There are 2 protein chains.
Amino acid sequence: MDFQLMCPRYEKAIQTLARRWTPLILRALMERPRRFTEIRNYVDGLSDRLLSQRLRELEEAGIVQRKVYPQRPVVIEYSLTEKGAELRQVIEAVQIWAEHWVALEEMDLSPSAG
Amino acid sequence: MDFQLMCPRYEKAIQTLARRWTPLILRALMERPRRFTEIRNYVDGLSDRLLSQRLRELEEAGIVQRKVYPQRPVVIEYSLTEKGAELRQVIEAVQIWAEHWVALEEMDLSPSAG
C-alpha cells in the first residue's frame, strides 16, 4: 500500500471517523444494535447532546441506521449499516494495537500515588 | 473479538490516535521519515503550531521519534518508533474502508454545481 501522497478518500474518512467520541460510539455498536441510553452508558463521560449529534452525523454518513419500533413506550435502536459494519477491521486493528502497546499502569504511577 | 464492554486500553489509544490531524500525520510517516515541512506539506491545511503540538504529543506517547542531524543547516527528521510503525494495520484498514466506501463525487453534487 502506497502512502507516498495523501489520499482524499482517506482524509474524508478520517474527518468522519476520528471526531471526538465517534470511535467509542462505533465500538459500542460493533457487537449488536443498542438503544440511545445503552450507548451513552457504554461510553463513559459522553453527554446526551453530543451523543445525539454524533449519531446524526453517522446516520448522514450512512454508517449508522436508526430503527423505531412503534410499541409503547416507543423503542429506538441504533445499528451499523453494511458500510458501518465494515469498520470492524479498523476497530479491531486499534484494539489489537492497544492491547499490545497501551499500558494502563502509567495512570497509577502518578506522584500522588507514591 | 469481544466488544460487549468498553476497554480502557482502547479508550486510551483513541485519546491519542483520534486527535484532530493525528491520523493524517501518522499516514505521512508510514512511508518513510520526513522533515517538519514535508509533513506540513503532506497534510493540507495543517498549521506549524498544530503540527509542532501533535508531534510533541506523539513523541510523548512513544509513537514518533525525532532525530537531529548536526550538519549545517541542522536537519531534523521525524520517524515512527516500533510502537508507531505497528499502527500500519490501523492506517491500512482505514485506507481500505475509505477506498470501498468513501465517494468523492458527493463533493461535486452541491446545489451550486447545478
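Treat the numbers as computed from the prediction; the structure is a model and nothing was measured.
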R9(A) and W101(B): CA distance, side-chain angles, deciding distance, side chain to side chain contact (heavy atoms under 4.5 Å, CB included) verdict: CA-CA 9 Å; R9(A) 282 190 164 79; W101(B) 290 103; over 6 Å; no
Among the listed options E99(B), M30(B), Q95(B), the residue most often paired with chain A at heavy-atom distances under 4.5 Å: Q95(B)
Under 3.5 Å: donor-acceptor pair, side chain of W97(B), backbone of G84(A): no
Single-linkage hydrophobic cluster, 4.5 Å side-chain cutoff, I39(A) and Y69(A) together: no
Worked check of side chain to side chain contact (heavy atoms under 4.5 Å, CB included) between Y10(B) and V102(A): CA-CA 8 Å; Y10(B) 178 92; V102(A) 175; over 6 Å; no
Joint hydrophobic cluster, V75(A) plus L55(A), side-chain heavy atoms closer than 4.5 Å: no
Part of L24(B) lying under 4.5 Å from any heavy atom of chain A: both
Toward chain A, the part of R88(B) with a non-hydrogen atom under 4.5 Å: side chain
Which atoms of L87(B) approach chain A - backbone, side chain, both or neither, heavy atom under 4.5 Å: both
Rounded distance [0.5 Å steps], NE2 in H100(B) versus CD in Q89(A): 11.5 Å
Closest contact, heavy atoms only, F3(A) versus Y42(B): O-OH, 2.7 Å
Test side chain to side chain contact (heavy atoms under 4.5 Å, CB included) applied to I96(A) and E86(B), step by step: CA-CA 10 Å; I96(A) 289 165; E86(B) 285 199 16; over 6 Å; no
Residue part contacting chain A, namely of R20(B), when any heavy atom lies under 4.5 Å: neither
Derivation of the side chain to side chain contact (heavy atoms under 4.5 Å, CB included) call for E11(B) and V43(A): CA-CA 9 Å; E11(B) 257 185 305; V43(A) 181; 5.7 Å; no
Best-contacting candidate, R34(A), R19(A), E92(A), against chain B by heavy atom pairs under 4.5 angstrom: E92(A)
For chain A, the option from I91(B), D44(B), L29(B) that forms the most heavy-atom pairs under 4.5 Å: I91(B)
Minimum heavy-atom distance R27(B)-L5(A), with the two atoms named: NH1-O, 2.6 Å
Exercise: identify the closest heavy-atom pair between V94(A) and I14(B): CG1-CD1, 3.9 Å
Option that, when pairs with chain A are counted at under 4.5 Å, heavy atom only, ranks first among C7(B), A13(B), A61(B): C7(B)
More than 12 heavy atoms of other groups within 6.0 Å of R32(B) CZ: yes
Proximal component of L17(A), with respect to chain B [non-hydrogen, under 4.5 Å]: side chain
Flag, side chain of K12(A) to backbone of A103(B), donor-acceptor distance under 3.5 Å: yes
Cluster overlap V74(B) with Y78(B), hydrophobic side-chain contacts below 4.5 Å: yes
Within 6.0 angstrom of D48(A) CG, more than 12 heavy atoms from elsewhere: yes
